[in-house]
Amino acid sequence: MDILEGLNPAQRQAVETPEGPLLILAGPGSGKTKVITHRVAYLIKAWGISPYRIMAVTFTNKAANEMRERLHQLLGQRAEELTLGTFHAICARFLRRDGQEIGIDPHFVIYDEEDQLNLLKRALQDLDLDPRYYNPKALGSAIRAAKARLIGPEDYARQVTSYRDEVVRRVYGRYQELLAQSRALDFDDLLMEAVRLLRQPRVLAKYQSRYLHVLIDEFQDTNIAQYVLAKQLAGQHRNICVVGDPDQSIYSWRFADLRNILNFEKDYPDARIALLEQNYRSSKAILELASHIIAANKERKPKGLWTENEVGLPPTVAEVYDEQEEAQFVARQVESLAREGFAPGDCAVMYRTNAQSRVLEETFVRYGLPYKLVGGTRFYERREVKDVIAYLRLIVNPDDNISLLRVINTPPRGIGQRTVAELSRWAQARELSLYQALKQLAEGERDSGPFTARTRHDLNSFLSLVEGLAAQGQELHLHDLIQVVLERSGYKEYILNEPDGEDRWDNVLELCTLAQEYQHLEPGEGLTSFLEGVTLVSDVDSLDEKVNAVTLITLHQAKGLEFPVVFIVGLEEGVLPHIRSFDDPAQMEEERRLCYVGVTRAKRRLFLVRALRRSLAGLSGANPPSRFLLDIPPSLVSSAPSGLGVPEPKVLTPAPAPSLPHIRAGDRVRHAKFGEGVVVSCQPSRDDQEVTVAFAEAGVRKLLLSLAPLEKLG
DNA sequence: ATCGATAGAGTTTTT
DNA sequence: CTCTATCGAT
C-alpha cells in the first residue's frame with residue numbers, strides 16, 4: 001500500500017497497528033506528525049473506516065490545518081469529514097451542538113484571559129474583596145488549576161483547608177455565576193463542560209459509538225480534563241492512539257500533567273508501545289549536543305536517539321557583552337550565512353521571554369534584515385480589535401456583560417464610571433445582565449432607577465444601538481455587518497481621532513479582511529464561527545513560512561517547528577533557566593526541556609548565545625552562563641569570536657566603513673527596506689553617526705549610519 | 001464626564 | 001523601561 005512507502009519499520013508498526021490502545025513515544029524529528037497523518041489515511045484506505053468516525057486532536061490550529069491539507073492530498077474530499085482540531089475547538093463544537101442537554105446556550109461566547117480577568121474583578125467587587133489584597137491574577141490561576149483538574153465550584157468547596165482556599169472558593173463560585181449570567185464560557189470551561197456533557201449517558205453513547213478511533217498528538221502537554229475527555233470518547237471502542245515525548249513537556253504551568261503519558265500503560269494495560277528513535281531532522285552534531293543537554297534531567301527515561309544525517313558543523317557557542325551585541329551578533333551571522341546559501345527565511349531566533357524580542361527587532365530594522373515576529377502583543381488582543389469584537393459579540397449575545405462594559409462608553413457617549421457603577425448595582429440587585437437591566441429601565445416608565453433624565457436618555461440610545469445592530473446581525477453578511485457596526489457606533493470616527501489612529505484603524509481593517517473568509521456562510525452562522533475562530537487562534541497559526549524573513553519566536557511557540565538555522569539567545573542563569581524556576585527542581589527540569597526543544601528545532605546550524613550583562617526592566621545586571629551551557633562538552637562546540645575580554649569592542653560595533661557615503665541633512669537617500677527619503681538631521685554619536693531620515697513611505701526613522709543600508713542618491 | 005499628568009507597579013511561557 | 005491605574009484639573 002502506497003501509504004506505507006517511505007516509512008521506517010518503527011513508523012510502519014505505529015501506522016499499521018489498527019486496534020487497541022497505542023502509545024507512541026517519539027523523539028524530536030522522528031516524524032510523529034507524519035505517523036499520525038499516515039495512520040489516519042491508512043485506517044481509511046486499508047481498513048475502510050469512515051473518516052466521519054475518526055477524531056484527531058492536535059496542539060495548535062496550524063497543526064490541524066496542515067494535517068487536514070496533507071490528508072486532503074492523500075484522501076481527497078473525504079478528509080473534510082474527519083473531526084480534526086485542538087481540544088478547545090472540538091469541545092466548542094460539541095457544546096454548540098449538544099450543550100443544551102446540560103443547560104448551555106448554543107450562542108455562548110468564549111472569554112479569553114483578559115475577559116476572565118475583568119470578570120474576576122467584578123466577582124471581587126460583588127464579594128467586597130479588595131483586589132489589591134486578593135490578586136485577581138493569582139485567583140484566576142487557582143481557578144484555572146481547579147478547572148484543569150475538573151474540580152467544579154461545588155467540589156472545590158469540599159476541599160477547602162485554608163483561608164486562602166476559602167477566598168478562592170467564594171470567588172470561584174461568584175465567577176461562575178457571572179459567567180452564566182453572561183452566557184459565557186472561559187477556555188477551561190470548554191474542556192470541563194465537555195466532560196460534563198459526556199457524562200450524560202445519551203450524549204456519551206452518541207459520541208462513543210461514533211468515534212471508532214481517537215488520535216492525540218503532543219500528548220505530553222495534555223491536562224487531566226483533556227485526558228478524561230479522551231478516555232470518555234474512546235471508552236467504547238478503546239482505539240486510542242496517543243503520541244508524545246516526555247522530554248518535550250513544557251506546559252506544566254498550564255497544568256499539563258506528565259502523568260497522563262506515564263500512566264497510560266496503567267490505564268490501558270493492553271496498550272502497545274511504539275518507539276520512534278530515528279531522527280530525520282538534525283545533523284549528528286546537533287543531535288549529540290541535544291542529548292547532552294537533556295541527559296542531565298533526573299526524572300526521565302533515557303532514549304536512544306540516532307540519525308543517519310551527516311555530522312555537520314559543530315554548533316557555535318558565542319559570548320557577547322550585552323543584549324545589543326547579542327542582537328548584532330545574530331544579525332551579522334544571518335548576513336554571513338547568506339554566503340553559505342542560507343536565506344533569512346531559513347533562520348529562527350528563539351528566546352525565553354517575549355521581552356527579549358525587542359532589541360532583536362530594533363537591530364534587524366537597522367540592518368535592513370527582514371523578520372517576522374511571532375507573538376508579542378497578539379493581533380486579537382489589540383485594544384481596537386477587541387473593541388470591534390465586543391460589538392460583534394453583543395450582536396450574538398447581548399447578555400455578554402464584559403463586552404457590553406467594554407463598549408458602553410467607547411466611543412465616549414456620556415456614560416461614565418459613575419453611571420456604569422449605578423447600573424451594575426441596579427442589575428445585580430435583580431440578578432439581571434446589564435443588557436436586561438437596560439431594557440427594563442427603558443420599559444419601566446415609573447421606576448427610573450437611580451438615574452437622571454439625561455443619563456436615561458444616554459443609556460437608552462446605547463440600548464437602541466445594540467438592538468439595532470442585533471437586528472442587522474441576522475440580515476447582513478459578516479463584512480457588511482462590520483462596516484455597519486463601525487459606522488453606526490461611531491467607532492470609526494472615534495478611532496481615527498485617537499493617537500496612532502491610522503495604525504489602529506489599519507488593524508480594524510485587517511480584521512475586516514479576515515472576516516472575508518467567512519463570507520460564504522449564512523449571516524448568523526458566519527458571525528458565530530468568526531467569533532469562535534477569533535478567540536481560539538494562536539499566533540503560530542498565522543506563521544507564514546513562505547515569507548523570506550527571519551523568524552523571531554519564543555521557545556514555547558517553537559515546539560513542533562523546524563528551521564535549517566536556529567539561534568537560541570539569552571543562555572544565562574535567570575533568563576534560561578528562568579529565575580522563577582530556581583527554587584523548584586521540577587520546574588528547573590522543565591526549563592531544561594525547553595532548552596532541549598529549542599536545540600532540536602535546528603536542522604543544520606545551531607548558535608547558542610550568552611550575554612555577560614543584560615538589562616531587564618531598566619536594571620542592568622551581570623549573569624553567569626546558563627547551567628545548560630556548562631553541560632555541553634566543549635569538544636562538541638566551536639566558539640565564536642566575541643568582544644569578551646578583547647580590549648577593542650570594534651569587532652562587534654564596527655566603525656563606519658570608509659566606503660560609506662558622506663551624508664548631510666538635506667541629502668536624498670535610499671534604504672533597502674524603507675525606500676526613498678530625505679535626511680532631516682545628522683548627529684555624531686561616538687565613532688558613528690545617527691541620521692534622522694524622513695521616508696516617503698515608512699515615516700521618520702532614526703538610523704545608525706554604520707548599520708543602516710543607506711545609499712546616497714545623486 | 002473627560003482629559004491629562006503623574007505616580008506606581010509589574011514584567012514567563014499561552015490554548 | 002513601559003504599561004496601568006489613579007488622581008486632580010478643566
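Chain identifiers are assigned alphabetically (A, B, ...) following the order of the sequence lines, protein sequences preceding nucleic acid strands; residue numbering begins at 1 within each chain. Worth saying up front: this structure is predicted, and the values here are computed from it rather than measured. In what follows, every heavy atom counts, from backbone to side chain, and hydrogens, waters and symmetry copies are set aside.
Distance A/E114 CD to B/dT14 C1': 14 Å, rounded to the nearest Å. When rounded to the nearest whole Å, the span between CZ of A/F255 and P of B/dT12 equals 15 Å. Between A/K559 atom NZ and B/dT15 atom P the separation is 10 Å, expressed in whole Å. In this entry the distance linking CG of A/L459 with P of B/dA1 reads 10 Å, nearest Å. Following rounding to the nearest Å, A/E193 (CD) and B/dT15 (P) show an atom-to-atom distance of 22 Å. Remark: C1' of B/dT12 and CE of A/M588 are 14 Å apart, rounded to the nearest angstrom. In this entry the distance linking OH of A/Y251 with P of B/dT15 reads 6 Å, nearest Å. Nucleotide B/dT2 holds its P atom 9 Å from the CD1 atom of A/I415, rounded to whole Å.
The CZ atom of A/R393 sits 11.5 Å away from the CZ atom of A/F108 when rounded to the nearest 0.5 Å.
Regarding contacts with the backbone of B/dT14, a side-chain N or O of A/T554 is found under 4.0 angstrom from either OP1 or OP2. A/N135 has no side-chain polar atom (N or O) that falls below the 4.0 Å cut-off from OP1 or OP2 of B/dG10. For the OP1/OP2 pair of B/dT11 and a distance below 4.0 Å, the side-chain nitrogens and oxygens of A/K137 include at least one atom meeting the criterion. Distances shown here put a side-chain N or O of A/N354 below 4.0 Å from the OP1 or OP2 atom of B/dT13. Note on A/Q557: a side-chain N or O is less than 4.0 Å away from OP1 or OP2 of B/dT14.
Taking atom C1' on both nucleotides, B/dT13 is separated from C/dT4 by 22 Å, rounded to a whole Å. Here the separation of B/dT12 from C/dA5, taken at their C1' atoms, is 23 Å to the nearest Å.
A donor and an acceptor atom sit less than 3.5 Å apart, one in the side chain of A/W253 and one in the base of B/dT13. Counting atom types as modelled, A/R254 pairs no side-chain N or O with a base atom of B/dT13 as donor and acceptor under 3.5 Å.
In this structure A/S424 satisfies the side-chain contact (heavy atoms from CB on, under 4.5 Å) test together with A/R122, A/V420, A/L434, sequence neighbours excluded. Among residues two or more places apart in sequence or in another chain, the side chain to side chain donor-acceptor pair (under 3.5 Å) test is passed with A/R425 by none. Remark: A/P625 engages A/R610, A/L629, A/L630 in a side-chain contact (heavy atoms from CB on, under 4.5 Å) (not counting sequence neighbours). For A/T455, the side chain to side chain donor-acceptor pair (under 3.5 Å) criterion is met by A/T452, not counting sequence neighbours.
Of the two residues near DNA chain B, A/T419 and A/H556, the one whose nearest nucleotide lies more 5' is A/T419. Each of A/F187 and A/T455 has a nearest nucleotide on DNA chain B; the 5'-most of these lies closest to A/T455.
A salt bridge between A/R614 and A/D322 is absent, with no side-chain N of the basic residue lying under 4.0 Å from a carboxylate O of the acidic one. Salt-bridge annotation for A/K386 and A/D115: present, with a side-chain N of the basic residue lying under 4.0 Å from a carboxylate O of the acidic one. For A/D221 and A/K559, the salt-bridge test passes: some basic side-chain N is under 4.0 Å from an acidic carboxylate O.
Residue-level contact check: A/R144 touches neither bases nor backbone, having no heavy atom under 4.0 Å from any strand. Nucleic acid contact class of A/D188 (heavy atoms, under 4.0 Å, all strands): none. Using a 4.0 Å heavy-atom distance criterion, A/F87 is classed as making no nucleic acid contact.
Side chain of A/E113, nearest nucleotide from C/dT2, B/dT2, B/dT14: B/dT14. You'll find that the side chain of A/T353 is closest to B/dT13, out of B/dT2, B/dT13, C/dA5. The A/R358 side chain lies nearest to C/dT2 when the options are B/dT2, C/dT2, B/dT14.
Proximity of residues 578-587 of chain A to DNA chain B (heavy atom under 4.0 angstrom from any strand atom) is restricted to A/H578, A/R580.
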Identify each donor-acceptor pair in which a side-chain atom of residues 578-586 of chain A lies under 3.5 Å from a protein atom, sequence neighbours left out, and give them as a table.
unit_1 : atom_1 : unit_2 : atom_2 : d
A/H578 : ND1    : A/R580 : N      : 3.1
A/S581 : OG     : A/H578 : O      : 2.6
A/D584 : OD1    : A/A586 : N      : 2.9

